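First comes the structure, then the notes that go with it.
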Amino acid sequence: MSHQPAPAPLLIACALGIEHLALRTGDRRAGGPVPRGAGRGAGGPVTFVRTGMGPRAAERSVTRLLTGPAPAGTAVLATGFCAGLAPGMHPGDLVVAEETRDPRGTVPCVGTELLVKELARLLPGRTVHTGPLTGSDHVVRGPERSDLLATGAIAVDMESAATLLAAVRTGERPVAAVRVVVDAPEHELVRIGTLRGGISAFRVLRSVLPAFFDWHRSLPLPRR
């Protein structure tokens, strides 16, 4: 009797406690509890990890999780909040990265069309932007947004590029990044949770997990 290979696990990585809270509560709404950071609801086991803030913390955390006994081919999806770079972006908009980039390299993302389709279905009325997502080692404000926009990037955050770069350096695997805009050129956010933009982004992030699970289910089964 032949046996089909088991689906590879999914690792969903975010940086902040408030992002992790949104995902945990969202996972319960999507169909299951999240004991000790793990759950089920995609094509295989799902692990949620809070990496900590910044590219170094993200790289360390993801590398540690994906080396050693980690199953081959574990899919990795970076998520959380981001800063929009383009005029006309608003808090609560979604960004599906076509690639992530930072000074150390560029990582192409997998399955972006499906993610865009599923997010638009889940959140009708929310704008979904696609394009390069760039990394930074600090919070981007003011004129620096224009400089990053001139590179072709549409949004910036501190962890996605480091997360995906660490993921592909530890082995061949599908990767993606989906972020929720928490501030934008005309809507700079000073303190998350106290302004309408932060609350809107939190609610959107709570709603995205079914799209992540559909993305995971769509991936080819790992090779034996």
Side-chain angles (χ1 to χ4, degrees), residues 9-30 34 37-39 41-42 46-55 57-59 61-62 65-66 74-84 91-102 107 109-112 114-116 118-120 122-123 126-136 154-168 173-183 192 198 200-219:
L10 170 63
L11 175 66
I12 299 176
C14 64
L16 304 177
I18 193 168
E19 296 167 338
H20 195 245
L21 175 64
L23 294 167
R24 285 172 60 90
T25 56
D27 187 71
R28 293 188 184 95
R29 294 167 61 196
V34 193
V46 182
T47 297
F48 298 84
V49 59
R50 177 186 172 188
T51 64
M53 183 182 292
E59 182 176 5
S61 180
V62 171
L65 286 166
L66 294 178
T74 297
V76 175
L77 195 151
T79 194
F81 303 131
C82 71
D93 285 2
L94 289 140
V95 172
V96 176
E98 294 176 343
E99 64 182 30
T100 59
R101 52 168 77 155
D102 70 11
V107 178
C109 296
V110 172
T112 56
L114 175 64
L115 281 167
V116 170
E118 290 304 313
L119 289 168
L122 279 172
L123 294 156
R126 292 287 178 186
T127 301
V128 183
H129 306 269
T130 59
L133 176 61
T134 194
S136 174
I154 63 168
V156 58
D157 75 85
M158 295 174 66
E159 296 84 24
S160 292
T163 294
L164 268 53
L165 190 60
V168 299
R173 66 186 76 256
V175 295
V178 176
R179 290 275 171 170
V180 181
V181 174
V182 75
D183 71 341
I192 192 166
S200 173
F202 180 86
R203 288 173 176 166
V204 171
L205 189 59
R206 288 184 67 192
S207 303
V208 296
L209 283 173
F212 296 176
F213 295 161
D214 284 343
W215 173 80
H216 187 212
R217 278 191 290 265
S218 77
L219 298 172

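Model, not experiment: these values are computed from the prediction.
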Derivation of the side chain to side chain contact (heavy atoms under 4.5 Å, CB included) call for L65 and L11: CA-CA 9 Å; L65 286 166; L11 175 66; 4.1 Å; yes

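- The distance from the CD atom of E99 to the SG atom of C109 is 8.0 Å, given to the nearest 0.5 Å.
- Considering only residues two or more places apart in sequence or on other chains, A161 meets the side chain to side chain contact (heavy atoms under 4.5 Å, CB included) condition with T100, D102.
- In terms of heavy atoms, R126 sits closest to P91 at NH1-O, 3.8 Å.
- Expressed to the nearest 0.5 Å, how far OG1 of T134 lies from CG of D157 amounts to 9.0 Å.
- One finds the CG atom of L205 at 9.0 Å from the CG atom of L94 (value rounded to the nearest 0.5 Å).
- We find the OG-CG distance between S218 and L114 to be 4.5 Å, quoted to the nearest 0.5 Å.
- A donor-acceptor pair is defined here as one N or O able to donate and one able to accept, closer than 3.5 Å; no such pair exists between the side chain of T127 and the backbone of D93.
- Under the 4.5 Å side-chain criterion, counting only non-hydrogen atoms from C-beta, L66 is in contact with V76.
- For A58, the side chain to side chain contact (heavy atoms under 4.5 Å, CB included) partners are T51, E159, A162, T163, not counting sequence neighbours.
- Atom CZ in R50 sits 10.5 Å away from atom CG in L21 (nearest 0.5 Å).
- Side chains of L23 and L209 form a contact here, defined as non-hydrogen atoms less than 4.5 Å apart.
- Partners of A176 according to the side chain to side chain contact (heavy atoms under 4.5 Å, CB included) rule, which considers only residues two or more places apart in sequence or in another chain, are L77, L115, W215.
- The backbone N or O of A15 lies less than 3.5 Å from a partner atom in the side chain of E19, making a donor-acceptor pair.
- The line from NE2 of H216 to CZ of F212 is 13.0 Å long, rounded to the nearest 0.5 Å.
- Under the 4.5 Å side-chain criterion, counting only non-hydrogen atoms from C-beta, L119 is in contact with V96.
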Side chain to side chain contact (heavy atoms under 4.5 Å, CB included) evaluation trace for V62 with L165: CA-CA 10 Å; V62 171; L165 190 60; over 6 Å; no

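- Residues V182 and C82 are not in side-chain contact: their nearest non-hydrogen atoms beyond the backbone lie 4.5 Å or more apart.
- Of all the heavy atoms in A78 and L164, the pair that sits closest is CB-CD1, 3.7 Å.
- Checked by atom type and distance alone, the side chain of R179 pairs as donor or acceptor with a backbone atom of F81 at under 3.5 Å.
- Side-chain N or O atoms of R173 include one that pairs as donor or acceptor with a backbone N or O of A167 at under 3.5 Å.
- V110 and L219 get closest at one heavy-atom pair: CG1-CD2, 4.1 Å.
- Shortest non-hydrogen contact noted between A211 and L122 is N-CD1, 3.5 Å.
- The minimum heavy-atom distance linking E118 with D214 is given by the pair OE1-OD2, 3.0 Å.
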